[in-house]
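Structure, as structure tokens:
Values below: every heavy atom of this structure, side chains too, minus hydrogens, waters and symmetry copies. Here is how names work: the chains are called A, B, and so on, in the same order as the sequence lines, proteins then strands, and each is numbered from 1.
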Amino acid sequence: MTPAAIETFFATLKAANPHPQTELEFSSVFELLAAVLLSAQATDVGVNKATRRLFVVANTPQKILDLGIEGLEQHIKTIGLYRSKAKHLMQTCQMLVELHGGQVPRTREALEALPGVGRKTANVVLNVAFGEPTMAVDTHLFRLGNRTGLAPGKTPLEVEHKLLKRIPPAYMVDAHHWLILHGRYVCQSRKPLCWQCGVAAVCGFTLKTPAPPG
DNA sequence: ATCCCGAGGG
DNA sequence: CCCTCTGGAT
């Protein structure tokens, strides 16, 4: 995709949604971290169901520790990968209490040192909680980067670097959410809705036979 | 490279 | 049935 096309791409997404946000529900930085940790290979809808149950009972690291591993598992059992997530969240809460005064750290290194927190999760927290222009490459960004030609790459890290290089700085902070929402609702994995896509004109991928909405 | 792993959609 | 969902650890 040419620089001009990229400009049009994001200007179009911005016009349709000036202030994009995550659809994960949270009311503190810790809740955000916990929700993102739980969101691996799971839908926001599913995560929100579980965190609504969980955060009423435990919305701080210490309160989650007090639940115990089995108590925590019960609250998040409806999410995929729930056993490893419960274990990791518990270990992360332990570290937050012991090393960070119960607060969520603000640096990439400290975030990625937390069990269950990798580069993608750290990027989301840095972006959403601390306003940094990071690019968290999840399944949607990876697919769109390659499908549209915006940032082709064989690995998420390669796509991330290309996105950071190619997206105009003015769009960088919100780009992550524009791409995720576009991927979720329009440029879907199985069923890209090209006939109702606002950026199809500058996209390298176009469905040959656009299926009618019916 | 493989494992983890429930819910929802097609 | 199969695929996908804001991945990370081993």
Side-chain angles (χ1 to χ4, degrees), chain A residues 13 17 20-26 29 31-54 69-70 72-95 108-130 132-148 150-151 153-160 163-164 167 172-193 207 211-214:
Chain A
L13 293 180
N17 187 359
Q21 291 180 358
T22 178
E23 293 182 336
L24 291 172
E25 298 170 3
F26 65 98
V29 177
E31 287 190 4
L32 172 67
L33 172 64
V36 178
L37 191 155
L38 295 175
S39 73
Q41 300 293 287
T43 61
D44 280 5
V45 172
V47 173
N48 288 336
K49 271 187 202 168
T51 56
R52 278 179 212 139
R53 286 194 297 268
L54 176 63
I69 185 68
E70 291 183 7
L72 178 55
E73 283 182 358
Q74 285 310 114
H75 287 87
I76 67 170
K77 213 171 177 53
T78 54
I79 310 178
L81 316 180
Y82 73 94
R83 272 192 293 244
S84 38
K85 287 174 184 176
K87 182 174 71 177
H88 291 152
L89 180 54
M90 199 64 85
Q91 293 171 339
T92 279
C93 287
Q94 187 107 8
M95 286 183 64
R108 171 183 304 286
E109 296 113 302
L111 285 167
E112 291 188 12
L114 300 169
V117 179
R119 186 174 183 89
K120 179 261 169 181
T121 299
N123 277 335
V124 174
V125 172
L126 289 170
N127 181 332
V128 176
F130 305 131
E132 296 192 21
T134 59
M135 294 300 316
V137 177
D138 65 346
T139 180
H140 294 298
L141 292 237
F142 187 75
R143 181 178 70 254
L144 265 67
N146 282 290
R147 180 184 280 173
T148 65
L150 177 62
K154 301 178 194 69
T155 67
L157 190 60
E158 188 181 349
V159 171
E160 177 182 333
L163 289 172
L164 289 171
I167 296 173
M172 196 69 76
V173 174
D174 289 324
H176 161 243
H177 288 122
W178 281 319
L179 290 169
I180 242 195
L181 295 171
H182 190 64
R184 181 174 300 163
Y185 296 113
V186 181
C187 194
Q188 299 175 15
S189 176
R190 278 280 129 151
K191 188 180 61 168
L193 308 178
L207 220 53

Among all residues two or more places apart in sequence or in another chain, which pass the salt bridge (charged side-chain N to carboxylate O under 4.0 Å, His left out) test with A/Glu31?
none
Quick check: does any side chain N or O of A/Lys120 sit under 3.5 Å from a backbone N or O of A/Thr139, one acting as donor and the other as acceptor?
no
A/Glu25: salt bridge (charged side-chain N to carboxylate O under 4.0 Å, His left out) partners, not counting sequence neighbours:
A/Arg52
Any pair counted as side chain to side chain donor-acceptor pair (under 3.5 Å), so long as it reaches residues 172-183 of chain A, sequence neighbours left out:
none
Taking protein heavy atoms under 4.0 Å as touching, what does nucleotides 5-10 of chain C look like 5' to 3' if B marks base contact, S marks sugar-phosphate-only contact and - marks none?
BBBSS-
Looking only at atom P, what distance separates B/dG9 and C/dT6, rounded to whole Å?
13 Å
Contacts of A/Lys191 and A/Tyr82 projected onto DNA chain B by closest heavy atom; the upstream (5') one is A/Tyr82
Set of side chain to side chain donor-acceptor pair (under 3.5 Å) partners for A/Glu112, sequence neighbours left out
A/Arg108
Along DNA chain B, 5' to 3', what are the outermost nucleotides having an atom less than 4.0 Å from a heavy atom of chain A?
B/dC4 to B/dG10
C/dC3 phosphate, OP1 or OP2, under 4.0 Å from A/Arg190 side-chain N/O:
no
Those residues that, when tested against A/Gln91, pass side chain to side chain donor-acceptor pair (under 3.5 Å) (two or more places apart):
none
Salt bridge (charged side-chain N to carboxylate O under 4.0 Å, His left out): which pairs involve residues 34-50 of chain A, sequence neighbours left out?
A/Asp44-A/Arg184
Of all residues at least two apart in sequence or in a different chain, which pass the side chain to side chain donor-acceptor pair (under 3.5 Å) check with A/Arg53?
A/Thr78
Atom P, compared across B/dC5 and C/dT10: separation rounded to whole Å:
14 Å
